[in-house]
Amino acid sequence: MDQESTELIWVKESCNIEVNTTDTQAAVSLQAGLELAIALVINIAIASSEQADGVSQELLQHVNTAQRNKQKIFIYNTKDARVTTTDTDLAINIQALLQVLIALVVMIDIL
């Protein structure tokens, strides 16, 4: 998984400009947690640790996501402006991994 975020805010010949920006990229840690949970469930379900590792690796090698976000804000010859940006990246494959985890748990009747 690869995440990249680029933000450019350019203020020229302006006064009383307030800029608030938030960039939250949580997908990497969520994906790692879900991958660990899937691997643990597979290890519980399959008695052979070598076979479980192989199944986990085969399943998780298909997960590949790239996110790129670019924002450019130009403020020129402006007075008393407020700019607020929020950039939240949560990858679609997080949902897919969660669905895989739930399906595995249901299949081996852990709950």
Side-chain angles (χ1 to χ4, degrees):
M1 175 164 222
D2 179 35
Q3 291 183 324
E4 178 184 323
S5 185
T6 305
E7 185 174 67
L8 170 67
I9 300 173
W10 185 57
V11 180
K12 185 175 180 184
E13 297 180 15
S14 300
C15 64
N16 297 328
I17 306 299
E18 179 183 331
V19 178
N20 297 308
T21 182
T22 304
D23 183 8
T24 306
Q25 294 184 343
V28 171
S29 59
L30 284 173
Q31 180 174 341
L34 285 171
E35 287 177 4
L36 177 61
I38 289 169
L40 289 172
V41 169
I42 290 172
N43 282 327
I44 291 169
I46 300 174
S48 166
S49 64
E50 287 181 18
Q51 187 179 7
D53 288 343
V55 170
S56 294
Q57 287 178 10
E58 185 176 332
L59 176 66
L60 296 175
Q61 77 181 9
H62 297 291
V63 177
N64 184 15
T65 299
Q67 294 180 334
R68 293 195 183 14
N69 296 312
K70 295 182 180 185
Q71 293 184 28
K72 293 182 181 180
I73 299 171
F74 297 100
I75 301 169
Y76 179 74
N77 198 19
T78 303
K79 180 180 178 188
D80 299 325
R82 181 180 306 153
V83 178
T84 302
T85 67
T86 303
D87 181 9
T88 303
D89 295 332
L90 290 175
I92 290 296
N93 67 316
I94 297 297
Q95 181 178 358
L97 284 171
L98 185 57
Q99 289 172 345
V100 167
L101 178 60
I102 291 169
L104 286 170
V105 168
V106 169
M107 284 174 37
I108 62 171
D109 198 25
I110 287 181
L111 296 178

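Hydrogens, waters and symmetry mates are skipped; everything else that's a heavy atom, side chains included, is used.
To the nearest 0.5 Å, atom NZ of residue K12 and atom CD1 of residue I17 are 14.5 Å apart.
No side-chain heavy atom of V83 sits less than 4.5 Å from a side-chain heavy atom of I9.
With sequence neighbours excluded, the residues satisfying side-chain hydrogen bond (donor to acceptor under 3.5 Å, both in side chains) with D80 are N16. For F74, the ring pair (Phe, Tyr, Trp, His ring centres under 6.0 Å) partners two or more places apart in sequence, or in a different chain, are W10.
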Hey, mind stepping through T86 and T22 against side-chain hydrogen bond (donor to acceptor under 3.5 Å, both in side chains) and telling me if it holds?
CA-CA 5 Å; T86 303; T22 304; 4.7 Å; no

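Proximity of a side-chain donor or acceptor of S14 to a complementary backbone N or O of K79 within less than 3.5 Å is not detected.
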